[in-house]
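Letters A, B, ... mirror the listed sequences (proteins, then strands); counts begin at 1.
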Amino acid sequence: MASASDFIRAIINDDLKRGKVSRIAVRFPPEPNGYLHIGHAKSSTLNFGLAAEYGGQCHLRFDDTNPATEDQKYVDAIKRDLRWLGFDWGENEFYASDYFEQLYDWACKLIQLGLAYVDDSSEETIRALRGTVTQPGSESPFRKRSPEESLALFAQMRAGAFDDGTRVLRAKIDMAHPNMKMRDPLMYRIRHAHHYRRGNTWCIYPFYDWAHGQSDAIEKITHSICTLEFMANRVLYDWYLDALGINPRPYQYEFARLNMDYTVTSKRKLLQLVRDGYVDSWSDPRMPTLAGLRRRGVTPNAIRTFCTCIGTTKVDSTYHPGQLEHAIRQDLNDKAKRVMCVLDPLPVTIMNWRDGLVEELEAPYWPHDIPREGTRPVPLSGELLIEQDDFAEEPPKGFRRLIPGGSVRLRHAYVIRCDRVEKDRAGRPVRLYCTVFKDSASTTAKNPTPKARSTIHWVDARRSIPVTVRLYDHLFNAAAPGEDFLSDLNADSLVVYEHARIEPSVLEDDPEERYQFTRLGYFWRDPEHAHEAVAAFNCIVSLRDSWSRTKVAKTVPEKPQPHIHIPDAPSVKPEARAWLARAGIPPAVGIPIYSTEGGPVFFAGASALVDRALVATWMANHLLPALNGRFLSDLPFTAVEFAQLVALVNTQHATTHEAREVLATMLKKGGNPETLLERLRASRVSDERTLVTLVEEVLTTYADRVQAYHRGKTGLAGFFVGQVMQKTRGKASPHQVQALVHAALTRLAK
RNA sequence: UGCCCUGUAGCUCAAUUGGCAGAGCGCCUGGCUCUGGACCAGGAGGUUCCAGGUUCGACUCCUGGCGGGGCAACCA
């Protein structure tokens with residue numbers, strides 16, 4: 001059994017423990033009407049992960065109940081993406097559209113049961129009669145139609161006797177239900193449309209709510225996990241399954257979908273970006289689609305790591321892309337060979353280089369802290385290219401690279417000094433003339449050369465290969481692009497370096513090799529530019545760059561003002577208020593009593609005997625919360641016995657703590673409070689010497705914390721008391737323990 | 001003016017079921033380094049949404065309030 005790292009796993013563990021289920025079956029149910037994106041990665045990682053952890057299975061089910069939008073090409077793309085992510089569903093590939101016949105039969109059953117009917121109302125009428133979230137709806141005139149008539153009509157619907165939109169099948173539930181999903185939801189609509197898998201065999205199509213739970217049931221899914229927006233649908237999910245009498249049946253649980261800053265994940269918006277040409281396709285490397293991430297060069301492993309470490313909760317949450325980037329860097333750091341590539345070249349002539357000399361340097365692929373072997377030859381001559389950014393005539397503060405008269409080390413090679421700068425008419429440097437210090441070779445322990453301010457990357461001017469390099473940034477400028485998301489598009493989300501140059505060693509490599517371009521980031525060849533004469537490299541993710549971070553003025557997030565709120569008078573419903581007044585107790589304790597079934601009666605019974613305020617307090621704070629779904633009438637003790645218990649407290653015969661323990665016993669097996677109190681006291685550790693020993697034990701065991709306590713971490717006092725209480729298994733007076741702990745602590749302080 | 005879900009560090013999440021408020025990311029400082037990377041060490045950052053109540057003790061239980069999200073598609 002996996003540890004309960006989130007609420008879903010906690011539920012599953014509990015179901016397994018209580019024998020509600022004996023095996024785990026989950027499903028990942030995409031609709032084949034678009035491409036999978038990073039949000040689906042979260043969902044599929046959860047579901048396939050669950051199956052793996054619990055030795056169960058995860059089905060891939062295409063939720064294809066809408067012929068208008070679905071297509072085989074999406075099915076293929078979804079399968080490809082999931083396989084790429086590393087998931088395997090084996091034989092368990094299913095289609096909701098394969099269940100149409102069964103769904104139809106079940107619908108007929110519901111009609112026969114009087115739980116569904118054919119409605120001839122128009123779309124507008126149905127909408128109007130549904131009411132609003134605050135107003136109940138009203139019943140359709142066709143609701144009273146006999147099962148026989150509905151059955152016949154439904155058969156005709158299937159047979160194609162009616163036009164699109166003229167009739168629907170609805171479940172007969174409750175038009176006044178506070179949950180709008182329960183106001184006679186639609187089960188089938190008429191659509192004379194071609195379905196990509198079923199062709200024209202059907203002209204009625206089931207809706208999501210009707211299809212989904214039943215599909216889960218057919219596949220014997222145990223835990224049907226979906227996103228938060230389906231929460232309101234759960235009641236309906238349950239209703240269909242229970243109406244059909246399916247047992248055992250699946251249960252639905254909801255978790256928060258993934259949102260990410262600076263991007264959009266709505267299918268509609270993604271589609272618009274592609275269709276209107278804001279990106280070049282679904283697999284544009286800036287897209288949050290799995291196809292886009294794949295083309296960008298992101299590894300499946302990094303995505304899975306990201307998805308597992310963000311957790312699973314019910315809190316709406318938005319992740320920062322930095323979190324994903326971190327996972328990518330972590331994954332690639334010890335997998336990507338280091339090579340050198342210059343994005344924006346600045347020529348360098350080494351003046352003291354021997355004419356025609358070409359050195360072949362043996363450069364390791366891996367930095368010192370990565371225990372991997374391998375080197376490649378890197379050619380070096382008197383004509384080099386370095387990065388424009390690595391030279392500054394007037395260096396900003398903190399600049400550690402090359403400046404006129406300054407020196408830097410060429411990575412894997414020698415130290416050079418910049419002696420002269422050649423500039424164009426606009427004053428931009430076009431060539432540097434440098435001196436090399438050949439006694440500064442990497443291996444030289446102490447070198448007499450000028451001290452290098454830093455190390456920069458470079459390539460040989462003649463022997464490097466021209467490539468284009470594509471750098472990507474967020475698709476949007478706004479953290480949360482709004483409805484007019486197109487106006488938030490980042491114009492610089494793609495920057496192409498047409499004249500980049502890379503060291504020749506990469507010619508030998510597999511085209512899918514991923515690299516770290518030293519000091520720049522992680523790159524690989526764009527698979528969609530694979531056959532072009534000049535190779536194109538995609539930036540998968542840049543390196544963390546503490547230099548550029550210091551250049552950008554940091555905006556310190558403003559600390560939000562603490563929210564001070566003065567509450568209004570509590571709003572309590574009139575009938576409750578009246579009862580409160582009669583009972584003579586304050587709302588804080590009175591409301592839970594009033595709103596519990598049998599609460600007022602129980603309260604009346606008990607308060608006849610003891611102080612009503614105390615009874616109310618005890619009911620509200622101790623009895624009611626411990627009920628756990630039980631009814632007051634099912635308790636193994638009466639209101640009178642409860643009153644006796646409260647009386648013990650009232651007369652100070654029992655401490656609060658004792659009384660709570662007695663109550664716990666009474667809740668389990670009933671009994672007379674006074675007797676139980678006697679028994680409790682008999683078993684109690686009240687002998688001071690025993691307690692002192694225990695206190696000493698605790699303080700010795702946690703000597704370090706005692707020190708911390710004396711250094712001012714006084715919150716630990718509660719911890720010590722708690723430890724002693726646990727040692728006595730609650731059978732000591734906390735007051736007494738507290739006093740003893742305090743005494744021991746002050747003694748130790750001296 | 002309904003029903004449901006949800007509020008813990010800047011972000012994402014923990015906190016053994018009432019007993020030390022923590023971690024990862026981000027940020028800062030230092031170390032190391034032939035990558036301004038990686039790694040190592042340290043640091044800052046908290047009214048646990050607010051107000052009450054119960055308790056020796058509340059992030060945790062009770063009440064009220066406030067904020068955020070979802071639900072009124074012949075979409076899923």
Side-chain angles (χ1 to χ4, degrees), chain A residues 5-6 29 31 33 63 65-66 68-69 123 126-127 130-135 137 164-165 168 177-181 183 186 188-191 205 207-208 212 228-233 235 254 261 309-311 313-320 322-323 326 329 333-334 338 367-370 400-401 409-412 442 452 454-457 516 518-519 543-550 554 557 559 562-568 570-572 586-592 617 620-622 624-625 656-657 660 705 708 713 715-723 725-726 733-735 737-738:
Chain A
S5 51
D6 56 62
E31 183 189 9
N33 69 346
D63 218 343
T65 57
N66 184 358
T69 55
E123 190 173 339
I126 289 175
R127 206 195 310 275
R130 187 144 35 214
T132 69
V133 288
T134 54
Q135 290 165 330
D164 285 4
V168 291
H177 202 285
N179 181 343
M180 306 245 351
K181 299 277 182 207
R183 321 247 259 229
L186 276 51
Y188 278 92
R189 75 280 213 181
I190 301 173
R191 280 280 170 281
Y205 289 92
F207 283 91
Y208 167 82
H212 202 88
L228 250 28
E229 69 267 27
F230 292 100
M231 214 148 39
N233 302 58
V235 185
E254 310 89 15
D261 279 336
C309 80
I310 57 177
T313 64
K314 301 179 80 157
V315 188
D316 271 305
S317 39
T318 305
Y319 307 91
H320 195 272
Q323 201 105 359
H326 171 75
R329 291 189 191 105
N333 181 42
D334 57 5
R338 315 292 133 124
H368 63 94
D369 53 357
I370 291 175
R400 301 217 312 245
R401 285 111 97 148
R409 175 177 293 281
L410 299 173
R411 179 134 175 103
H412 302 303
S442 310
S454 66
T455 301
I456 63 171
H457 60 276
Q516 183 191 110
T518 303
R519 302 208 304 137
L543 250 26
R544 274 177 90 237
D545 183 356
S546 56
W547 168 239
S548 70
R549 263 184 276 142
T550 58
K554 275 190 282 299
K559 205 180 166 177
H563 183 84
I564 306 290
H565 171 73
I566 292 123
D568 303 329
S571 69
V572 180
V589 288
I591 288 169
T617 300
N621 283 304
H622 305 297
L624 265 24
T656 314
H657 192 264
R660 282 168 68 184
R705 290 167 218 230
K713 198 160 180 181
L716 283 164
F719 170 71
F720 298 133
V721 174
Q723 289 301 313
M725 290 302 292
Q726 273 170 23
S733 147
H735 280 290
V737 171
Q738 198 166 40

Reckon [X] touches a base, only the sugar-phosphate, or nothing at all at heavy-atom distances under 4.0 Å?
X	result
A:Pro625	sugar-phosphate
A:Ser317	sugar-phosphate
A:Gln516	base
A:His368	base

Protein N or O to nucleotides 16-18 of chain B N or O, pairs below 3.5 Å:
from: B:G18; atom 1: N7; to: A:Arg660; atom 2: NH2; distance (Å): 3.1
from: B:G18; atom 1: O6; to: A:Arg660; atom 2: NH1; distance (Å): 3.1
from: B:G18; atom 1: O6; to: A:Arg660; atom 2: NH2; distance (Å): 3.3

Which residues share a side chain to side chain contact (heavy atoms under 4.5 Å, CB included) with A:Phe719, sequence neighbours left out: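 By the side chain to side chain contact (heavy atoms under 4.5 Å, CB included) rule, A:Phe719 matches A:Tyr702, A:Arg705, A:Leu716, A:Gln723.
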Residue list, side chain to side chain contact (heavy atoms under 4.5 Å, CB included) with A:Arg519, at least two apart or on another chain: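 Result, side chain to side chain contact (heavy atoms under 4.5 Å, CB included) vs A:Arg519: A:Asp390, A:Arg401, A:Ile456, A:His457.
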Expected output: side-chain A:Ser454 to main-chain A:Arg400 donor-acceptor under 3.5 Å: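 Yes, A:Ser454 side chain to A:Arg400 backbone: donor-acceptor pair under 3.5 Å.
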Check: A:Arg183 side chain, A:His177 main-chain N or O, donor-acceptor pair, under 3.5 Å: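 Here the side-chain-to-backbone pair exists.
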With [atom1] as the reference atom in both, quote the distance from [N] to [M] in angstrom, rounded to an integer.
N	M	atom1	answer
B:U35	B:C25	P	22 Å
B:G31	B:G19	P	43 Å
B:C40	B:U54	C1'	48 Å
B:A9	B:C56	C1'	29 Å

Which nucleotide wins on minimum distance to the side chain of [X], given the candidates [options]?
X	options	answer
A:Leu543	B:C5, B:G36, B:G37	B:G37
A:Asn333	B:G36, B:A38, B:U35	B:A38
A:Arg544	B:G19, B:G36, B:G37	B:G37

Length of the [atom1]-[atom2] vector between [X] and [N], whole Å:
X	N	atom1	atom2	result
A:Asp261	B:C25	CG	C1'	13 Å
A:Phe719	B:A15	CZ	C1'	14 Å
A:Glu254	B:U6	CD	P	10 Å

B:G37 phosphate, OP1 or OP2, under 4.0 Å from A:Ser546 side-chain N/O: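 Affirmative; the distance criterion is met.
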Could you tell me which residues satisfy side chain to side chain donor-acceptor pair (under 3.5 Å) with [X], sequence neighbours excluded, listed by chain and number?
X	value
A:Tyr205	none
A:Tyr208	none
A:Asn179	none

No-H, no-angle donor-acceptor pair, [X] side chain to [N] base, under 3.5 Å:
X	N	answer
A:Arg401	B:G36	yes
A:Asp545	B:G36	no
A:Arg411	B:U35	no

Approximate separation, where rounding is to 0.5 Å, of A:Arg338 CZ and A:Ile370 CD1: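 The CZ atom of A:Arg338 sits 4.0 Å away from the CD1 atom of A:Ile370.
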For A:His622, ring-ring contact (aromatic ring centres under 6.0 Å, His included) partners two or more places apart: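 ring-ring contact (aromatic ring centres under 6.0 Å, His included) check on A:His622 returns A:Trp618.
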Face-to-face stacking of A:Trp547 with B:G36, centres under 5.5 angstrom, angle under 30°: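 Yes, A:Trp547 stacks on the base of B:G36, since the ring centres sit under 5.5 Å apart and the planes are within 30°.
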Complement of B:U17, any strand, by Watson-Crick or G-U distances under 3.5 angstrom: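 Paired with B:U17, as far as the under-3.5 Å criterion goes, is no nucleotide at all.
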Pair assignment for B:G26, Watson-Crick or G-U wobble, requiring both distances under 3.5 Å: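 Paired with no nucleotide.
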Base-contact (B) and sugar-phosphate-only (S) positions in nucleotides 69-76 of chain B, heavy-atom cut-off under 4.0 Å, - elsewhere: BSBBSBSB
Those residues that, when tested against A:Arg130, pass salt bridge (charged side-chain N to carboxylate O under 4.0 Å, His left out) (two or more places apart):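 None.
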